[in-house]
Amino acid sequence: MNRQKAAIIGCGFVGSSTAFALMQKGLFSELVLIDADQKKAHGEAADIAHGRPFAHMMQIYAGDYSDVGDCGLIIITAGAAQKPGESRTALVYKNVEIFKNIIPQITAQNFEGILLIVSNPVDILTYAAWKISGYPKERVIGSGTVLDSARFRYLLSEHLQVDSASVHAMIIGEHGDSELAVWSGANVSGIPIHDFCEIRGHYDHEQAMEQIYRRVRESAYQIIEEKGATYYGVAMAVTRIVVALIRDEGAVLPISSLMQGEYGLSDLCISVPAIVGGNGVQQVLEIPLNEKEHTELLHSANELKEILQKIWL
Ligand code: 6V0
């Protein structure tokens, strides 16, 4: 296996933006782009390759499944995307069928690396990829609520006028309408969020919490309404996960992975904080949640379970 070689399957808005972001990180020496529309994959590869003199040495080219066997990482961004007003779960049947086509073509190549799923609904498709591939659970990761948590930290940082890197806060659960904000653990450099709000002159906690959470949840809908798709934010979120994997960081990120008893959940993929390193998911963490948050997490898991019961894998 060549850990410096990766593939992206699906070169639409999200796949090509991710390739562009990865080119600038200099993590890989070889990046293969695969799409059902080969012409598109070729065009995206050429466009990004032309920026190489300003970035890092990396071969980027349009390929096919015969190129993925020795990859250390495959990122899947193929599939239908949300239309204005459409929920992520509405994509499920179409995209599960696409995964039934893609995953066996990967396993046929004796791929031994990590599968990183980005297509929506990401928690359902991460479970589908795990189930169809038969790979160990640590090797199948969904981008989960890494993007939602970034949106959350960004909005909190705007509210409080501090650097978003100093804001520690997470969205967990489904990457979708039933996700929840872990307010009980949110802090700015160790100062509990409500205390920090007061330091910055904000006392309207209930109202601000509701508004910020609503804006996080509605971000994708709003952007899709305004420009048709979301891709730069997710490309940066995916790049963050890839850095953790390739540099074997042991970073704690709210990715989607298989639950086996954590939080009382099992046999589904959902986003909760996990330690992410070179071999994928090193450990799922059970962070402290208050009663309301725990109930909301169980509700979110139930929503996913209901969808899983309706699909055949
Ligand atoms: P897009 O621009 O329509 O691109 C999808 C691409 O997939 C197209 O180029 C298709 O040709 C290709 N494709 C379809 N079927 C196959 C197949 N069987 N094999 C190979 N390629 C195929 O969509 P976009 O890039 O905007 O979105 C891609 C997926 O990412 C969607 O499911 C989105 O909902 C999802 N997103 C996930 C996010 C996350 O945080 N996890 C965020 C944003 C979008």
Side-chain angles (χ1 to χ4, degrees), residues 7-21 32-45 47 62-65 67-68 74-106 115-129 132 141-152 171-177 179 216-242 253-257 269-271:
I8 298 179
I9 302 179
C11 305
F13 287 116
V14 176
S16 55
S17 305
T18 301
F20 179 62
V32 188
L33 302 189
I34 299 174
D35 197 287
D37 180 348
Q38 288 182 340
K39 205 169 144 201
K40 173 145 178 60
H42 190 268
E44 295 294 358
D47 194 4
D64 58 36
Y65 287 94
D67 296 305
V68 306
I74 298 178
I75 303 168
I76 307 185
T77 62
Q82 287 168 271
K83 298 193 182 72
E86 192 177 34
S87 77
R88 294 174 181 90
T89 50
L91 307 168
V92 70
Y93 298 109
K94 264 185 268 181
N95 287 350
V96 165
E97 287 311 308
I98 288 175
F99 270 50
K100 284 183 186 169
N101 170 267
I102 291 176
I103 305 291
Q105 298 195 69
I106 295 173
L115 275 183
L116 175 53
I117 312 302
V118 185
S119 316
N120 273 321
V122 71
D123 305 284
I124 302 290
L125 293 178
T126 304
Y127 183 86
I132 299 167
I141 300 179
S143 63
T145 51
V146 175
L147 171 60
D148 316 68
S149 297
R151 288 172 172 155
F152 189 34
I171 298 287
I172 63 170
E174 172 201 9
H175 167 63
D177 297 342
E179 66 191 14
V216 170
R217 233 185 34 191
E218 290 173 3
S219 294
Y221 290 104
Q222 190 184 340
I223 297 169
I224 290 167
E225 181 63 38
E226 288 170 351
K227 58 174 261 188
T230 71
Y231 38 95
Y232 296 126
V234 65
M236 288 189 271
V238 171
T239 300
R240 175 68 193 95
I241 302 168
V242 174
L253 297 169
I255 47 101
S256 189
S257 66
C269 291
I270 194 165
S271 299

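Numbering of ligands and ligand atoms starts at 1, following listing order. For this chain, numbers begin at 1 and follow the sequence in order. Side chains are part of it too, since the values below use all heavy atoms of this structure and drop only hydrogens, waters and symmetry mates. Model, not experiment: these values are computed from the prediction.
- The closest non-hydrogen atom to atom 41 (N) of ligand 1, taken over D148, I102, V118, comes from V118.
- The shortest N or O to N or O distance between Y65 and ligand 1 is not below 3.5 Å.
- Selection from A229, A237, G79 by nearest heavy atom to atom 3 (O) of ligand 1 gives G79.
- Less than 4.0 angstrom separates some heavy atom of S143 from each of these atoms of ligand 1: 39 (C), 41 (N).
- Protein heavy atom closest to atom 40 (O) of ligand 1, with residue, atom name and distance, is H175 NE2, 3.3 Å.
- Crowding of E218 atom CD: a count of heavy atoms from other residues, nucleotides or ligands under 6.0 Å exceeding 12.
- Enclosure of atom OH in Y221 by more than 12 non-hydrogen atoms of other residues, nucleotides or ligands within 6.0 angstrom is indicated.
- Side-chain atoms of S149 come within 3.5 Å of backbone atoms of I171 as a donor-acceptor pair (strictly under, hydrogens ignored).
- Of the protein's heavy atoms, F13 N, 3.0 Å lies nearest to atom 2 (O) of ligand 1.
- The protein heavy atom nearest to atom 44 (C) of ligand 1 is V14 CG2, 3.6 Å.
- When hydrogens are left out, the protein atom nearest atom 28 (C) of ligand 1 is T77 O, 3.2 Å; that is the closest non-hydrogen contact.
- Comparing N120, T145, I76, I9 by heavy-atom distance to atom 35 (C) of ligand 1, the nearest is N120.
- Side-chain atoms of S256 never come within 3.5 Å of backbone atoms of G142 as a donor-acceptor pair (strictly under, hydrogens ignored).
- Of all protein heavy atoms, the one closest to atom 15 (N) of ligand 1 is I98 CD1, 3.7 Å.
- If you number the atoms of ligand 1 from 1 as listed, the ones under 4.0 Å from a heavy atom of L147 come out as 40 (O).
- Annotation for K100: atom NZ counts as buried by contact number, over 12 foreign heavy atoms lying within 6.0 Å.
- When heavy-atom distances to ligand 1 are checked against a 4.0 Å cut-off, N95 comes that close only through its side chain, counted from C-beta outward.
- A donor-acceptor contact shorter than 3.5 Å is absent between the side chain of N95 and the backbone of P121.
- Less than 4.0 angstrom separates some heavy atom of V234 from each of these atoms of ligand 1: 38 (C), 39 (C), 40 (O), 42 (C), 43 (C).
- Not one N or O of A81 is nearer than 3.5 Å to an N or O of ligand 1, by distance alone.
- No more than 12 heavy atoms of other residues, nucleotides or ligands shown are found within 6.0 angstrom of NZ on K39.
- Taking the side chain as every heavy atom from C-beta outward, T230 and I224 approach each other to under 4.5 Å.
- In terms of protein heavy atoms, atom 1 (P) of ligand 1 is closest to G12 CA, 3.9 Å.
- If you check which protein heavy atom lies closest to atom 11 (O) of ligand 1, you get D35 OD1, 2.5 Å.
- Nearest protein heavy-atom contact of atom 32 (O) of ligand 1 is A80 O, 2.7 Å.
- Interface of N101 with ligand 1, defined as ligand atoms under 4.0 Å from a residue heavy atom, comprises 18 (N).
- Side-chain N or O atoms of D123 include one that pairs as donor or acceptor with a backbone N or O of H175 at under 3.5 Å.
- Annotation for ligand 1: atoms under 4.0 Å from non-hydrogen atoms of L91 are 34 (O).
- For F13, the CZ atom sits in a loose shell: 12 or fewer heavy atoms of surrounding residues, nucleotides or ligands are nearer than 6.0 Å.
- Counted within 6.0 Å of OH on Y231, heavy atoms from surrounding residues, nucleotides or ligands total more than 12; the atom is thus considered enclosed.
- Contact of the V96 side chain with the L125 side chain is registered, since non-hydrogen atoms from C-beta on lie closer than 4.5 Å.
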